[in-house]
Amino acid sequence: MAGARRAWRETVRATRREAPPGVRREIDAFLGIGPVQVAELDLPEEPGAEADGTGAEAGGARAGADGTGGRAVLRPGPGSPPVTAGAVFVLVRRAGVPVGTLLGQVPEGADPARVLAGLARELPRGAPPEPLPEPLPAPPAASVVVATREPADQLARALDSLLAQHHPDFEIVVVDNAPRTGETRELVERKYGERVRYVCEPVPGLAVAHNRGLAAVRNEVVAFTDDDVVADPRWLTELTAPFADDPRLGCATGLILPARLRTPAQVLLESHGGFAKGFVPRTYDPEHPPADEPLFPFTAGRFGSGASMAFRTAVLRAAGGFDPATGAGTPARGGDDLYGFVRVLAQGQRLRYTPRALVWHHHRETWRDLETQAYGYGAGLTAYLTAILVNRPALLPAFLARVPGGLAHARGLTAVRATGDGPDPGSGAGAGAAPGGHDSRTHPWPRRLARLQRRGMLYGPVGYLRARRALRAALREAR
């Protein structure tokens, strides 16, 4: 791993030597971004109450009374060592419920739990967690689909976390997409036996793999996640429980936070929001379009991401599943999850975002990864819009009515985003050092990445049409 990091740093430096002065400055700023620890801190709901749990398990630590009478539990992020001195990105929970993030700077020799608990208690309380019905409804039977392609080592990490879910009734289906070796099949059969079902999909493309999984599942709700996540033990329960309460709910999405912030690319991505959609639950209803979303439902990226989404199985099947010419692994580069969201909403179904459903995502690690990601985001956005209009031409009038606002939205998406107003550097919150709250923008977004995203948006419709042709050819060969 250390050798790989040295290699990509040398690649970036070589690029810098050939770059104009403006790009050199961006690269220098990028290389100056330091690593950050990841942790979660559970505060008691009310002062004087005990934190959830029975102790400092899994490397956790307790903060003693700090003036409020409460105690907090600090745990390292998944796969991370115990928290030490330095910058720490913290998920703050209250009585187990995710309520926000912060950046803390732990001084040498200080107790990390005490320092971070003090910072967390200064966070704005915001709205109280939404009340839950009593008694809580049992979540519906669920299936989890994980599409993957070699290498299989990160898949094992994801499957271990999925098998530890608290959900009472679920199955896991692994879809091996266009495998080059038997590595994934061997892993599933050797390590997971009958606990995980293995399915092979020879045609490449994430949406094709998801459709293969959709055809194979047996339960009322189907959830999708990626092979590079670690799922919180309550992820599946929290993601699927809303379906038990709302017969018109067709889709649910959840919170996605970084599992590691070890490289400049990971820190930069998360400081501009990463994949998170905030900590306020929200329901999107096509019968009552949100007043603050004038482009609804075409700004589907606001609803969630494919690493944490679930659908009522019958609804997604009735919508035709995902467009197989979208998604990673195709010339369209992405957009398969956004397509699914809009198709479900177009059927009159509701979509629910719930931050209680958490997965930790392993962000990509290098500058080149960020370049690929920026271009792919732009391409996937316009590719999915093209797919929607090709498959649902009845939506064209609504789309055209939103074009002026959509152009303004696109300019905002691809703007060179400056840093935000961080906390006072003397406050202990580490301004300018790493991500803090959601979308805090503690590092500027490089012009190079903004340009790549715009180029991707121009390419997206072309990429979608190319993907359709490639898919037809692949299906002919598969026959």
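Positions are given from 1, in the same order as the sequence printed here.
No side-chain donor-acceptor contact under 3.5 Å links Q154 and D228.
Rounded to the nearest 0.5 Å, atoms CZ (R71) and CG (D42) are 12.5 Å apart. Here SG of C251 is found 8.5 Å from CG of L316. Values are rounded to the nearest 0.5 Å. Interatomic distance, D176 CG to R212 CZ, rounded to the nearest 0.5 Å: 11.5 Å. For the atom pair CG of D369 and CZ of R364, the computed distance is 6.0 Å after rounding to the nearest 0.5 Å. To the nearest 0.5 angstrom, L119 atom CG is 6.0 Å from L102 atom CG. Distance check, rounded to the nearest 0.5 Å: CG of L389 to OH of Y384 gives 9.5 Å.
A 4.5 Å side-chain heavy-atom check between V88 and P112 finds every atom pair outside the cut-off. Within the 4.5 Å cutoff, no side-chain heavy atoms of P81 are placed close to those of P76. Residues V208 and L471 form a side-chain contact, since some pair of their non-hydrogen atoms from C-beta on lies under 4.5 Å apart. No side-chain heavy atom of R260 sits less than 4.5 Å from a side-chain heavy atom of V38. Contact of the V280 side chain with the R282 side chain is not registered, since no non-hydrogen atoms from C-beta on lie closer than 4.5 Å. F170 places none of its side-chain heavy atoms less than 4.5 Å from the side chain of N219. Side-chain contact between N177 and L206 is absent, with no heavy atoms from C-beta onward closer than 4.5 Å. Side chains of H167 and V144 form no contact here, defined as non-hydrogen atoms less than 4.5 Å apart.
Screening V175, V196, L155 for a side chain to side chain contact (heavy atoms under 4.5 Å, CB included) with V146, the sole residue that qualifies is L155.
A distance-only check finds a donor-acceptor pair linking the side chain of N211 to the backbone of F322 [under 3.5 Å]. Looking at T330, its side chain does come within 3.5 Å of a backbone N or O of A332 through a donor-acceptor pair. A donor-acceptor contact shorter than 3.5 Å links the side chain of T253 to the backbone of F303. Here the side chain of E183 pairs no donor or acceptor atom with the backbone of E150 at under 3.5 angstrom. Not a single donor-acceptor pair under 3.5 Å links the side chain of R93 to the backbone N or O of E40. Judged by distance alone, with hydrogens and angles left aside, the side-chain atoms of R218 form no donor-acceptor pair with the main-chain N or O of S143 at under 3.5 Å. Looking only at distances, no side-chain donor or acceptor of E287 sits under 3.5 Å from a matching main-chain atom of G348. Distance alone, capped at 3.5 Å, is enough to place a donor-acceptor pair between the Y192 side chain and the A156 backbone. The backbone N or O of A216 lies less than 3.5 Å from a partner atom in the side chain of R197, making a donor-acceptor pair. The closest donor-acceptor contact from the side chain of K191 to the backbone of E186 lies at 3.5 Å or more, if one exists at all.
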Given side-chain contact (heavy atoms from CB on, under 4.5 Å), test V97 with R356 step by step and report yes or no. CA-CA 6 Å; V97 179; R356 291 174 180 259; 3.4 Å; yes

Passes side-chain contact (heavy atoms from CB on, under 4.5 Å), L255 versus D232? Steps please. CA-CA 10 Å; L255 176 65; D232 183 81; over 6 Å; no

Before you tell me yes or no, could you show the steps for Y353 and F341 under ring-ring contact (aromatic ring centres under 6.0 Å, His included), namely the whole-Å CA-CA distance, both residues' side-chain angles and the distance that decides it to 0.1 Å? CA-CA 11 Å; Y353 170 70; F341 300 155; over 10 Å; no

Apply the test side-chain hydrogen bond (donor to acceptor under 3.5 Å, both in side chains) to residues E220 and T313: give CA-CA distance (whole Å), side-chain angles for both, the deciding distance (0.1 Å), then the verdict. CA-CA 6 Å; E220 179 184 351; T313 305; over 6 Å; no

Apply the test side-chain contact (heavy atoms from CB on, under 4.5 Å) to residues Y377 and L449: give CA-CA distance (whole Å), side-chain angles for both, the deciding distance (0.1 Å), then the verdict. CA-CA 11 Å; Y377 285 165; L449 300 182; over 6 Å; no

Show your working on side-chain contact (heavy atoms from CB on, under 4.5 Å) between L214 and V145 and close with a plain yes or no. CA-CA 8 Å; L214 176 63; V145 173; over 6 Å; no

Derivation and outcome, ring-ring contact (aromatic ring centres under 6.0 Å, His included), residues Y464 and Y339: CA-CA 12 Å; Y464 175 71; Y339 177 89; 8.2 Å; no

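Shown here are the side chain to side chain donor-acceptor pair (under 3.5 Å) partners of R392, two or more places apart in sequence or in another chain: there are none. With sequence neighbours excluded, the residues forming a side-chain contact (heavy atoms from CB on, under 4.5 Å) with T283 are R350, R352, listed by chain and number. For A310, the side-chain contact (heavy atoms from CB on, under 4.5 Å) test picks out V221, A223, L239, F243, with sequence neighbours left out.
Between D246 and R312 there is no salt bridge, since no side-chain N of the basic residue sits under 4.0 Å from a carboxylate O of the acidic one. For the pair R248 and D285, the salt-bridge criterion is met [side-chain N within less than 4.0 Å of a carboxylate O].
When all heavy atoms of Q165 and W235 are compared, the pair lying nearest together is OE1-N, 3.3 Å. Nearest heavy atom pair, residue L41 against residue A120, reads CD2-CB, 3.5 Å. Residues L261 and P258 approach most closely at CD2-CB, 3.8 Å, considering heavy atoms. Here the closest non-hydrogen pair linking A152 and T184 is CB-OG1, 4.2 Å. Here the closest heavy-atom approach between residue T326 and residue G334 is recorded as CB-O, 3.7 Å. Here the closest non-hydrogen pair linking K277 and S305 is CE-OG, 3.9 Å.
Between F298 and F399, the ring-plane angle classifies as perpendicular under the 30° and 60° cut-offs. Taking the six-membered ring where the residue is Trp, H361 and H363 present tilted rings, their angle falling between 30° and 60°.
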